[in-house]
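Every chain is numbered from 1 and lettered A, B, ... according to where its sequence line falls, protein lines coming before strand lines.
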Amino acid sequence: MSNKIVIRDCRIVDVSQDIDSSGDIIIENNKVLDLVVHKPGLKPDYADFEVVEASGFMAMPGFIDIHTHLREPGFEHKETIATGTLAAIKGGFTSVCPMPNTNPVNDNPTVTTFIIKRAMKRGSCNVYPIGAITKGQNGEELAEMGMMLEAGCVAFSDDGKPVMNALVMKRALEYSKVFGVPLISHCEDMSLTAMGVMNEGYLATLLGLEGIPRSSEELIVSRDIMLAGYAGARLHIAHVSTRGSVDIIRRAKASGVQVTAETCPHYFTITEDAVKGYNTDAKVNPPLRCAEDIEAIKEGLRDGTIDVIATDHAPHHADEKVLEFDRAPSGISGLETALSLSLRLVDEGVLTYSDLCKKISYEPSKIFGIGKGTLKKGACADITIIDTKKEFIVSKSKLLSKGKNTPFEGMNLMGMPVAVVVKGKYINVLEL
Amino acid sequence: MKDLVSIKDINREQIELILSTAASFKVVLQRDIKKVPALRGKTVVNLFFEPSTRTKTSFELAEKRLSTDVLNFSVPTSSVVKGETLLDTVRTIESYGVDYIVIRHSSSGVPHFISKNTHASVVNAGDGTNEHPTQALLDAFSILDKKETLEGLKIAIVGDVCHSRVAKSNIYLFSNFASEVRLVGPPTLVPEFKGYNVQYFNKIEDGIQGADVVMMLRIQSERMTKGFFPSTLEYASLWGLNSARLKLAKKDAIVMHPGPMNRGVEITSEVADSDQSIILEQVTNGLAVRMAVIYLLGRDNEQ
Amino acid sequence: MKPSLFEGRLFFGQIMKKELLNKKDIDRAVSRIAHEIIEKNKSLEDACLIGIQSGGIHLARRIAAKIKDVEGVELQIGSLDISFYRDDVGIRKQQPVVKSSDITCEVSGMKIILVDDVLFTGRSIRAAMDAIMDLGRPAIIQLVVLIDRGHRELPIRADYVGKNIPTSLNEKVDVCLAEDSIEDGVFITQIDQGAI
Ligand SMILES: [Zn+2]
């Protein structure tokens, strides 16, 4: 396609400009040239442009997933930067932020550079790596945050595990203030999790599986909020799964701590019941919880306590999931179902389309300072075009990700991305 | 019934069928010729990923007395981690054309996993901290040997319910008969069974008061190092069953233990060897019950 | 004769049911068999009547009672369940219900008189003989049946037969005894293959 594109006659939802009306998006030189909001009688002439007829569809600033595991380098049998970013655009994400728990760990600028170069060569969308907080994610010595930022990292996390030593976490938060970027905390007290593999409670007893108590998450959420408040540093809480965490974060925000938070579609869609029958596709960390947690998370999304919907896309090879439940790795392949599951929240009245735009594009960009999440004049042309009425059944075999580990197999969903524009390049994702 | 994976999967009627069939096998076991040709030509694999001399011996003898061909496949769990996956092991075994797989594994849910991946009938011989259905059935059988009915019987289960697959299967089984189940032990070792009608006691004296059956569970010292209780000495003094405590139960109360016992910890020798103890009978009955289970399985789906 | 409840065509499954023996016929047969047993065996001191579960048990009791009436000898009676000795494991669709075996006498050296209601393929009798052999080494095994309907699949014959009834394979013979039925009677039922 040419470099001059018009997405014509779609419903434009852009929370950054408080727009929700039908119109055309004009793209030139990989940037948004203008938005033309329709007025009666006006029929613009797009003579030189490639015109994409998008009547009935909705366009938003490109989605940004701030919690992705692309697995490369080191675990290419689970996912690669090529397959992961392909799955991303299939799911409507024009940018992803891969976590550093690769092999080697992304704890130095060399690995960061590798990821960015590989993404430019083989990737289908923008890739903004997240660096490790500590060397080797071992929770002991700080990693080279400054140099990694220079190489292209946008935030830091030891995701996959917490920084268990509170002193190390305190120093990391203090140190991060030099750069003003957030540290992302995977909140889990390992001593409480111990051998746990699912939510602690009656169902775990019935299945004979070791439980992970909610307090395992909530303790570290509390601890890190206290440390961030004390240090005056920015903290982002990854994958909130419990009602208690939502409450703690709400209070922290009210008291002025610079904390933001994300949750994932599986934490507001399904409960621990999905584990019944020892379904390893429903094994995830933090574990799936209960209906009351789902309610609290929805309320947190509604009132703004939870800023972001991220996928925690954690692909695994099929052979790794066909194992004893307690030996199978945790994780859900989430990029390609995230939008449809989030649209259910709009259906239920928890969020408006503008809210969704905020949680999945605007806030992610703002928190990580990526400079996207908007369709303002001159912004990079990253756009997601959605058919909100399209129904489909989730099928593992149709996932583009190498990880087929979804607990949503067979679920009937409505709404899916039909196309994306990545840096001005139009891609029909239905043809992928 | 294709498989016996969980007591939760079978109803009262099926439990009673197993128990009455076991009674017939018990008669067979009292003869000079203790073997019947019932399952001649059938093959059973004992797939034990966890060492267990008792359960394995019991199953193996039961299988032989049914005239099946018995194949033992013992795998220490550690080598499985390095070697082939569980699914590969199951497929390999299935290629031998086996009719029954008896499975013991340290991970909960493995029998369920295998049953989904094989045509053979699967018998759960203990999975992780989940269930041990044949033990529960033999416990019920042993109780019915001494008591007329399970209905309304006061059954105290004392000890590490949390990690005991025996206790769990028993709780599920007794729930079919409206028995009065009491769980006794420190809160660290007794989880909540919301959906089941059970009572909780922290003190053994309260828990076994007026009980018809006192079922002691094996306490593993490994739990001590993980902080579930401070020492075996303290455990014995607070939750061990001794003669003085047993007097609080009904006069004709019976004492049970799934074995192997830690004498002097959860049970004193005096009680273990007393007339009220039916611990050895449990072993004998285990044979008859396991014969019944294997004999009855796999009928529904056959042409 | 009053038409039986079972007579005629039933709308469901197209079944025909006919009475072959009534109570009187059965009484006569039992009585004759008792006499034949007395006649054939010089001594009944070391004989034991063993009824095969479940049809043979009531018959064994009736025969024993008759022998006591006639001869004054009280025969030992036992019951035998042959489930564990059947050769159709894996062929039968239904879950077998194992009934109890109750043989209190020593089998070795005894005259074992097996009693069954219907002799058909002979497979049950084969199973019963194997079951007896596992209990000991009897001096002799004899066989009583109330009905011999033919179609043997094994070289087995009865020593005492109540009545020989030629049947076809799509017929079913039911022996009802008052002990667990409404009244005595032997019935034959036509099974319409097409309706099954
Ligand atoms: Zn994480």
> Count the heavy atoms belonging to other residues, nucleotides or ligands that lie under 6.0 Å from NE2 of B/His119, then report whether that count exceeds 12.
no
> For the residue pair B/Tyr172 and A/Thr205, what are the closest heavy atoms and their distance?
OH-O, 4.0 Å
> Does CD in B/Glu13 sit with more than 12 non-hydrogen atoms of other residues, nucleotides or ligands closer than 6.0 Å?
no
> Determine whether more than 12 heavy atoms belonging to other residues, nucleotides or ligands lie under 6.0 Å from atom CG of B/Asp206.
yes
> Hey, what do you get for NZ (B/Lys8) to CG (A/Leu207), rounding to the nearest 0.5 Å?
6.0 Å
> Could you grab the distance from atom OG1 of B/Thr85 to atom CD of A/Glu324, nearest 0.5 Å is fine?
8.5 Å
> Please tell me if the side chains of B/Phe113 and A/Leu323 come closer than 4.5 Å, counting only heavy atoms from C-beta onward.
no
> For the residue pair B/Ser108 and A/Asp326, what are the closest heavy atoms and their distance?
N-OD2, 4.5 Å
> Working to the nearest 0.5 Å, report the span between CG of B/Asn130 and OH of A/Tyr278.
3.5 Å
> Return yes when atom NZ of A/Lys398 has more than 12 non-hydrogen atoms of other residues, nucleotides or ligands closer than 6.0 Å, and no otherwise.
no
> Can you tell which part of B/Lys116 gets under 4.5 Å to a heavy atom of chain A, answering side chain, backbone, both or neither?
side chain
> State whether the number of non-hydrogen atoms from other residues, nucleotides or ligands found under 6.0 Å of A/Phe392 atom CZ is greater than 12.
yes
> At a heavy-atom separation under 4.5 Å, does B/Lys168 approach chain A through its side chain, its backbone, both, or neither?
side chain
> Quick check for you: to the nearest 0.5 Å, what is the distance between A/Asp319 atom CG and B/Asp88 atom CG?
8.0 Å
> Looking at side-chain heavy atoms only, is the closest gap between A/Arg327 and B/Leu86 below 4.5 Å?
no
